[in-house]
Each structure stands twice: as C-alpha cells, then as structure tokens.
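For ligands, and for the atoms within them, numbers begin at 1 and follow the listed sequence.
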Amino acid sequence: MGILTGKTAVVTGSTSGIGLAYARAFAGAGANIVLNGMGAAADIEKERSAIETDFKVKAVHSPADMTKPTEIAGMVALGESTFGSVDVLVNNAGIQFVSPVEDFPIEKWDAIIAINLSSAFHGIRAAVPGMKKRGWGRIINTASAHSLVASPFKSAYVSAKHGIAGLTKTVALELATHKITCNCISPGYVWTPLVEKQIPDTMKARNLTKEQVIRDVLLEAQPTKEFVTSEQVAALALFLCGDDAAQITGANLSIDGGWTAG
Ligand code: NAD
C-alpha cells in the first residue's frame with residue numbers, strides 16, 4: 001500500500017519534464033493518474049502505458065487545453081468519472097516567453113497568463129467541490145523562484161507566478177477546515193530535456209565548454225551551481241500529499257539551490 005493507494009491525481013502539463021515526474025511519483029505511491037498535456041500521440045501513449053506497467057495503477061490522458069476553461073473542467077470530470085474522485089490536483093502546465101516589456105506580444109502575455117495562472121483557478125474551481133464532499137484533498141501548484149523574485153524580460157511569467165503564490169494562499173485559507181491543503185512549490189532551474197537541448201547551441205554561440213555554460217550562463221543565479229532535478233521536485237510534492245504534511249498549507253516552498261536566499 002502506498003500513501004496514495006485508492007486515490008486519483010490529476011497533473012496538468014504532465015507529458016513532459018516536471019509534470020511527468022510528479023505523475024510517476026504519485027503512481028509509485030499508488031495513485032491512479034490523469035495525465036494532461038500536448039505532444040505526439042505515440043509519445044503520450046508510451047508514457048501513459050509505462051505508468052500502468054511500472055506502477056500497477058491506471059492512467060488516462062486528458063488532452064484539455066489549459067487556455068480553455070470548459071476543457072479544464074472536463075479534465076477534472078474525466079478523473080471523477082473514470083476513477084471516482086480527484087483527490088490530488090497539481091497545476092503545473094506552463095510556458096515561457098522572453099521579451100522587453102514594450103515589445104512583449106499581447107497574445108504571448110494572454111497565453112502565459114491563461115496557461116500559467118488562470119488554468120490553476122479553473123482546475124481548483126472544478127476539483128474543490130468533490131474534495132470538500134470527501135473531506136480530503138491536496139492542491140499543489142508549480143510556481144517558480146519567479147514567484148518570489150523577478151528577472152528582466154519575463155514580465156508575463158513573473159506576473160503569472162506571483163499570481164500563483166497569491167492564489168495558493170487564498171485557496172489555503174478558504175479550505176483550511178476541510179482537510180484540504182493548498183501549497184505551491186518554487187523551483188529554481190530544473191534539469192529538463194528543454195534545458196539540456198539549449199546547451200550545445202550556447203556552447204557554440206559563446207565558445208564555451210559545457211561546464212562553463214552550465215555554471216556561468218544557465219546557473220548564474222543558482223548558488224549551488226547545480227540543477228534541481230524533476231525527481232527532487234516530485235519528491236517534495238509527494239511529501240505534501242502525506243499525513244506528515246497535513247499542517248503545511250498556504251506555503252510557498254522553495255527548491256532552488258539557494259537562489260532566493262540572496
Ligand atoms: P515542459 O515544457 O517540460 O512541460 C510543460 C508541460 O505543459 C508539457 O507537458 C506541455 O505539453 C504542457 N502544456 C503547455 N501548454 C499547454 C496547454 N495549453 N495545455 C495543456 N498543457 C500544456 O516544462 P517544465 O520545465 O517541466 O515546466 C513545468 C512547470 O514548472 C511550469 O509551470 C514551469 O513554469 C515550472 N518551472 C520550471 C522550471 C524549470 O527550470 N524547468 C523552473 C521553475 C518552474
């Protein structure tokens with residue numbers, strides 16, 4: 001028996017990176033999984049079936065687009081109709097765009113606010129009634145070090161992530177007496193395929209070694225000079241699902257190699 005046996009976890013943006021690590025960690029603890037996110041159908045099916053084989057749980061994929069409120073509600077409904085409940089909701093889907101504020105494309109601002117912030121509101125709004133009825137729930141939002149500090153040229157991302165931190169606190173207060181916790185996790189730079197793929201080009205463009213790119217370019221802001229791993233983020237999320245974390249709510253938990261300490 002795992003700590004999530006008999007429970008269901010919905011993880012947005014779980015076809016890749018941190019979201020996939022959350023899904024696999026929760027499945028390893030016994031949860032049935034609703035995967036969500038974009039990607040090639042064959043790749044998604046490979047991840048979905050690997051979860052079922054590796055962890056002897058059930059997994060379905062919801063193609064809900066996180067810019068569409070009705071599809072987000074449909075994703076939660078899919079979890080409830082397939083498995084009987086949605087007990088853990090992780091709002092994790094996210095995108096990035098980098099530009100000076102005066103040139104920031106309006107449609108990129110709208111997309112980042114929709115996917116990185118508003119989708120969490122819509123997911124929470126849909127999942128809370130069932131959690132209240134059953135008297136248990138865990139809501140975890142992936143924020144970022146950028147929920148606490150800013151960097152130039154990331155106006156939409158930093159605004160959305162600060163918004164996630166505020167939403168987390170508000171929801172935690174509203175649900176405090178229902179045995180439903182709501183927290184956010186704020187990673188620094190996480191080693192994902194997305195980051196790994198940038199390294200060869202940056203090596204070439206700046207005439208640097210792989211080690212120099214990692215230390216002086218990518219990890220400039222991260223005092224440990226090491227990446228966070230997706231698995232470390234997922235382990236923190238799994239801890240938040242356990243009984244030992246029942247009194248952790250409304251928290252913004254940094255996992256950033258010391259970035260926001262400075
Ligand atoms: P990723 O690009 O590997 O994964 C993003 C996921 O979101 C994918 O599954 C993608 O399909 C999904 N997605 C994107 N747009 C979507 C949409 N419209 N509808 C549904 N799904 C959509 O990125 P990641 O690094 O794993 O990031 C996951 C979360 O972690 C994001 O919220 C990101 O802001 C946050 N984060 C990442 C880092 C990092 O260094 N990688 C650091 C701090 C916070």
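None of Thr168, Asn183, Asn92, Asn252 except one satisfies the side chain to side chain donor-acceptor pair (under 3.5 Å) rule with Asn141; the exception is Thr168.
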Under a 3.5 Å threshold, I'd like every N/O contact between ligand 1 and protein atoms, with atom names and distance.
{"residue": "ligand 1", "atom": "3 (O)", "partner": "Ser16", "partner atom": "OG", "Å": "2.6"}
{"residue": "ligand 1", "atom": "9 (O)", "partner": "Gly13", "partner atom": "O", "Å": "3.3"}
{"residue": "ligand 1", "atom": "9 (O)", "partner": "Thr15", "partner atom": "N", "Å": "3.4"}
{"residue": "ligand 1", "atom": "9 (O)", "partner": "Thr15", "partner atom": "OG1", "Å": "2.7"}
{"residue": "ligand 1", "atom": "11 (O)", "partner": "Thr15", "partner atom": "OG1", "Å": "3.4"}
{"residue": "ligand 1", "atom": "11 (O)", "partner": "Met38", "partner atom": "N", "Å": "2.8"}
{"residue": "ligand 1", "atom": "18 (N)", "partner": "Asp65", "partner atom": "OD1", "Å": "3.1"}
{"residue": "ligand 1", "atom": "19 (N)", "partner": "Met66", "partner atom": "N", "Å": "2.9"}
{"residue": "ligand 1", "atom": "26 (O)", "partner": "Ile18", "partner atom": "N", "Å": "2.8"}
{"residue": "ligand 1", "atom": "32 (O)", "partner": "Asn92", "partner atom": "O", "Å": "2.7"}
{"residue": "ligand 1", "atom": "32 (O)", "partner": "Lys161", "partner atom": "NZ", "Å": "2.9"}
{"residue": "ligand 1", "atom": "34 (O)", "partner": "Tyr157", "partner atom": "OH", "Å": "2.5"}
{"residue": "ligand 1", "atom": "34 (O)", "partner": "Lys161", "partner atom": "NZ", "Å": "3.1"}
{"residue": "ligand 1", "atom": "40 (O)", "partner": "Val190", "partner atom": "N", "Å": "2.9"}

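Between the side chains of Asp103 and Ser99, not a single donor N or O lies within less than 3.5 Å of an accepting N or O. Side-chain contact, Ser186 with Ser144: no donor N or O sits under 3.5 Å from an acceptor N or O. Looking at Thr142 and Tyr22, their side chains do bring a donor and an acceptor atom within 3.5 Å of each other.
Phe83 and Lys58 get closest at one heavy-atom pair: CE2-CB, 3.4 Å.
In this structure Ser155 satisfies the side chain to side chain contact (heavy atoms under 4.5 Å, CB included) test together with Val101, Phe104, Trp109, sequence neighbours excluded.
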